[in-house]
Amino acid sequence: MKIGNLNIPGRVFCAPMAGISTRPYRIFARRFGAAVVYTEMISSHGLAYNDKKTKDLVNFGDDERPIGVQLFGADPEIMHRAARIVSERKPDIIDLNFGCPVKKVVRKNGGAAVLKDLGLTRELVSATVAAGDVPVTVKLRSGWDETSKIFAEAGTACEEAGASAITLHARTRAGQFAGRACWEDIKHLKETVSIPVIGNGDIRSGEDAARMMDMTGCDAVMIGRAAMGNPWIFREVNAYLGTGVNPPPPSLDDKIAVMMEHARMLLDAFGETRAMFKMRHHVAWYAKGWPGVANVRRRAFAMTTIAELETLLDDYRRGRIDLSDNHVNTVDE
Ligand SMILES: Cc1cc2nc3c(=O)[nH]c(=O)nc-3n(C[C@H](O)[C@H](O)[C@H](O)COP(=O)(O)O)c2cc1C
């Protein structure tokens with residue numbers, strides 16, 4: 001498939017996730033077969049007003065390509081300025097976030113709130129397209145709530161304004177992450193627009209991806225939560241889509257090697273204290289499903305140095321951790 005003039009090397013995309021889609025996460029996603037990765041959503045306002053921390057979020061390496069930089073905001077003029085700044089870094093895609101349900105964002109009419117005003121939706125896309133020659137894509141939710149599912153009209157508006165592809169997370173803003181994503185919406189969108197449609201919502205396996213593609217006719221699928229701590233899912237889904245067979249899962253040693261590499265990359269980027277703070281969550285995700293996971297998490301959330309992580313993983317490998325305690329409560333369960 002193509003997005004604008006860009007050839008996309010596969011059909012399984014890695015979703016943008018705020019606080020998660022940092023460089024190490026994206027590197028592993030690409031290494032294990034994600035066709036495209038994205039930065040987390042970045043404030044157009046912060047970029048246009050030269051905020052240093054916001055600007056740092058745009059940093060990426062050539063080893064991550066193809067990469068989309070995702071922007072959010074509700075002011076076309078500011079979006080234009082932000083897109084010009086981003087274009088100078090030559091990402092492969094600029095993606096606009098019209099799906100974020102978080103109060104802090106929708107209160108200022110950004111994210112999913114853009115879907116309440118199709119005129120604004122159109123203007124934001126046009127302003128971004130006019131900023132340079134990087135293909136512009138959009139990521140939508142199905143609508144604001146069940147009574148205002150306007151993904152089809154929004155999709156048409158985006159296409160007319162020059163968008164090169166649309167990702168649909170098939171839930172409304174009101175639906176947040178509850179219930180099942182409504183894949184029929186993806187099918188309907190695919191029948192409505194002629195640019196590529198990327199289907200998103202609740203893919204956890206190769207079987208899910210194949211089912212979504214069969215049911216909706218979407219051009220590609222995007223995986224979010226199921227890739228947290230599991231970059232191997234891209235390899236698995238690619239293999240399943242290609243052959244109908246799931247490859248063997250990664251071994252414990254493979255996982256531990258990736259965890260340590262992930263921690264080292266965070267260390268280089270953020271210094272030990274911040275890196276290990278960030279790494280705590282990743283360890284919890286990587287260890288999901290391990291016997292004794294509760295004890296692994298408990299120790300991970302107390303660690304402050306990379307040496308402690310190494311010892312923790314070594315203890316786990318050698319069976320020096322009580323494997324009977326598996327009780328955990330997490331947001332993604
Ligand atoms: C913690 C978290 C952060 C997210 N941040 C973003 C974001 O920055 N931009 C965006 O477009 N979507 C964001 N999303 C939504 C995901 O990209 C994706 O649309 C959603 O999780 C549904 O896909 P899934 O069922 O495969 O997880 C986020 C989701 C989660 C769970």
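For clarity, every value in this text was computed on a predicted model and none was experimentally measured. We count ligands from 1, going down the list as the structure has it; atoms in each ligand are counted the same way.
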Any side-chain donor near an acceptor of the partner, [X] and [Y], under 3.5 Å:
| X | Y | result |
| --- | --- | --- |
| Glu159 | Ser194 | yes |
| Thr172 | Asp145 | no |
| Glu123 | Ser126 | no |

**Study point:** Close-range residues for ligand 1, whose non-hydrogen atoms fall below the 4.0 Å threshold
**Key:**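 Ligand 1 is contacted, at a heavy-atom distance under 4.0 Å, by Ala15, Pro16, Met17, Ala18, Ile20, Met41, Gln70, Asn97, Lys139, His169, Phe177, Asn200, Gly201, Asp202, Ile223, Gly224, Arg225.
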Check your understanding: Using 4.0 Å as the upper bound for N to carboxylate O, is an ion pair formed by Glu88 and Arg84?
Key ->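 So Arg84 does not pair with Glu88 through a salt bridge.
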Point to revise | From CA spacing to verdict: side-chain hydrogen bond (donor to acceptor under 3.5 Å, both in side chains), Glu160, Thr156 | key: CA-CA 6 Å; Glu160 286 171 0; Thr156 303; 5.9 Å; no
Could you go through residues 104-120 and list every donor-acceptor pair under 3.5 Å that involves a side-chain atom there, pairing it with any protein atom two or more places apart or in another chain?
from   : atom 1 : to     : atom 2 : distance (Å)
Asp117 : OD1    : Gly119 : N      : 3.1
Asp117 : OD1    : Leu120 : N      : 3.0

